[in-house]
Amino acid sequence: MREAKKIIFIVLVTVLLLGCSKKSSEKFNYGTIEYNGKIWMDRNLGAKEACKSLEGNNACWGNIYQWGRPSDGHEQRRSKITELRDRSCNTYLDSSFVIMVMNINSDKNLKEIYQANWYSKCDEPQSSLWSSQGDGINEVCPIRWHVATKDDFESAKIKDAKDAFKKLKLTLGGIRQGIEVKHYTGEILAAGLMGRYWTATIAQNGSIVSYDIDQVSFVENKMRSINGASVRCVKN
């Protein structure tokens with residue numbers, strides 16, 4: 001009887017621990033930066049170290065995520081690519097980076113470009129994938145952290161690229177295109193020259209607020225979730 005109770009206890013503890021976990025295979029190793037009342041990670045998700053310069057290098061650039069997607073392997077800088085197929089936003093068929101190849105000469109395809117996501121259907125609200133509170137169904141930040149929001153970035157009052165690095169160690173980790181009109185091998189583009197950061201903030205048209213950074217400027221943008229960008233986490 002004592003052994004049976006012990007087994008039941010172990011099972012209950014295991015269930016509780018699993019129930020508190022997120023859909024993320026990310027291994028977290030980071031320092032922190034405190035700025036204007038907020039605590040930021042000092043590096044991009046997936047980075048081995050914080051960058052020592054704006055341009056950075058492979059050790060500090062980190063992973064490239066499709067917005068709202070968990071850490072399922074697609075975020076690795078050398079992950080394979082696959083063309084968009086019938087997939088749900090919370091069912092993961094593989095660890096490939098999803099792309100959409102199309103002809104921009106078609107009005108129909110142009111409309112699809114502006115609505116492109118890495119999934120073809122989603123029974124959940126878009127805002128439930130990555131949440132500003134870090135409680136979404138596909139979160140990539142650790143528990144009690146969240147993907148930085150537009151408000152988080154605005155609170156840092158970043159003036160330009162140099163200011164972005166000085167305050168938060170933001171870096172030029174490159175971008176990964178999710179929409180292509182030519183043959184595309186899926187490589188990371190412009191690493192060391194340009195970077196892009198997702199936020200957890202959704203714009204009115206369903207696109208995602210992001211920030212583009214190059215060697216001079218730091219500007220707000222709006223992108224579809226099929227594209228790839230860096231992620232920086234902020235403590236709740």
Side-chain angles (χ1 to χ4, degrees), residues 22-24 26 36-41 44-46 62-72 74-75 84 86-92 97-100 102 109-158 164 168 170 173-180 194-213 217-236:
K22 296 187 175 185
K23 294 180 180 178
S24 174
E26 192 80 59
N36 204 17
K38 295 183 181 290
I39 299 175
W40 296 69
M41 285 190 182
N44 297 344
L45 278 186
N63 296 331
I64 300 288
Y65 293 81
Q66 294 185 297
W67 190 91
R69 194 172 170 183
S71 300
D72 56 10
H74 84 280
E75 73 281 3
L84 180 63
D86 186 30
R87 67 175 65 211
S88 170
C89 62
N90 53 11
T91 302
Y92 316 113
F97 188 92
V98 176
I99 67 169
M100 181 182 290
M102 56 179 55
N109 284 346
L110 279 173
K111 183 178 180 181
E112 289 178 350
I113 286 174
Y114 291 114
Q115 297 175 345
N117 297 306
W118 54 269
Y119 50 86
S120 56
K121 58 183 179 179
C122 191
D123 297 327
E124 307 290 340
Q126 189 180 23
S127 59
S128 70
L129 302 182
W130 287 357
S131 160
S132 60
Q133 299 300 314
D135 57 359
I137 60 175
N138 289 343
E139 295 293 345
V140 290
C141 292
I143 294 173
R144 292 185 290 276
W145 292 75
H146 63 268
V147 175
T149 64
K150 178 180 178 179
D151 288 344
D152 290 329
F153 278 107
E154 287 185 342
S155 72
K157 298 179 179 179
I158 297 172
L168 302 177
L170 301 185
I175 61 174
R176 201 170 188 183
Q177 297 290 89
I179 301 171
E180 274 299 322
M194 176 187 177
R196 175 173 293 145
Y197 284 88
W198 285 127
T199 76
T201 304
I202 302 171
Q204 289 184 346
N205 64 355
S207 59
I208 311 301
V209 176
S210 61
Y211 287 89
D212 286 353
I213 180 172
S217 61
F218 181 81
V219 296
E220 182 181 326
N221 199 352
K222 292 179 178 64
M223 301 294 297
R224 301 304 304 187
S225 69
I226 198 169
N227 292 295
S230 300
V231 168
R232 189 65 68 90
C233 301
V234 177
K235 198 170 183 63
N236 291 349

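Here salt bridge (Lys or Arg N to Asp or Glu O under 4.0 Å) pairs that include residues 227-236, with residues two or more places apart or in two chains, number zero. For the salt bridge (Lys or Arg N to Asp or Glu O under 4.0 Å) condition, the pairs that include at least one residue of residues 198-213, sequence neighbours left out, are R196-D212.
Annotation: side chain of N227 is in contact with side chain of Q177 (closest heavy-atom distance under 4.5 Å). In this structure, F218 and L170 have side chains that are in contact, with non-hydrogen atoms separated by less than 4.5 Å. Within the 4.5 Å cutoff, no side-chain heavy atoms of I179 are placed close to those of I99. Considering only heavy atoms from C-beta on, N138 stays 4.5 Å or farther from R69 through its side chain. For the pair W145/I39, a side-chain contact is recorded, criterion being any heavy-atom separation below 4.5 Å from C-beta on.
Atoms NZ and CG, from K121 and N90 in turn, are 10.0 Å apart once rounded to the nearest 0.5 Å. The CH2 atom of W130 lies 12.5 Å from the CD1 atom of I137; values are rounded to the nearest 0.5 Å. S71 OG to L45 CG: the interatomic distance, rounded to the nearest 0.5 Å, is 7.0 Å.
More than 12 heavy atoms of other shown residues, nucleotides or ligands fall within 6.0 angstrom of atom CG in N36.
For the pair Q66 (side chain) and S225 (backbone), a donor-acceptor distance under 3.5 Å is absent. Here the side chain of W118 pairs a donor or acceptor atom with the backbone of W67 at under 3.5 angstrom. Side chain of S230 to main chain of Y197: no donor-acceptor pair is present (N/O by atom type, distance under 3.5 Å, no hydrogens or angles). The backbone N or O of T201 lies less than 3.5 Å from a partner atom in the side chain of T199, making a donor-acceptor pair.
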Fill in: Intermediate values then yes/no, side-chain contact (heavy atoms from CB on, under 4.5 Å), I158 and I213
CA-CA 11 Å; I158 297 172; I213 180 172; over 6 Å; no
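For the pair W198 and S210, the tightest heavy-atom approach, listed with the atom from each and the gap, is CE3-CB, 4.1 Å. Across all non-hydrogen atoms, the minimal contact from I64 to G228 is CG2-C, 3.3 Å. The shortest heavy-atom contact between G46 and N63 is CA-ND2, 3.4 Å. Taking every heavy atom of both residues into account, P70 and E75 meet most closely at O-OE1, 4.1 Å. When all heavy atoms are compared, the tightest approach of L168 to A156 is CD1-CB, 4.0 Å. In plain terms, the two heavy atoms of G62 and N44 that are nearest each other are CA-CB, 4.4 Å.
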List, one per line, each side-chain donor-acceptor pair under 3.5 Å for residues 146-155, sequence neighbours excluded.
from : atom 1 : to   : atom 2 : distance (Å)
H146 : ND1    : V234 : O      : 3.2
H146 : ND1    : N236 : OD1    : 2.6
H146 : NE2    : D152 : OD2    : 2.9
T149 : OG1    : D151 : N      : 3.4
T149 : OG1    : D152 : N      : 3.0
T149 : OG1    : D152 : OD2    : 3.1
D152 : OD1    : K38  : NZ     : 3.0
D152 : OD2    : T149 : N      : 2.9
S155 : OG     : D152 : O      : 2.6

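Aromatic ring pairs are classed by plane angle as parallel below 30°, tilted from 30° to 60° and perpendicular above 60°; the pair H74 and Y65 is perpendicular.
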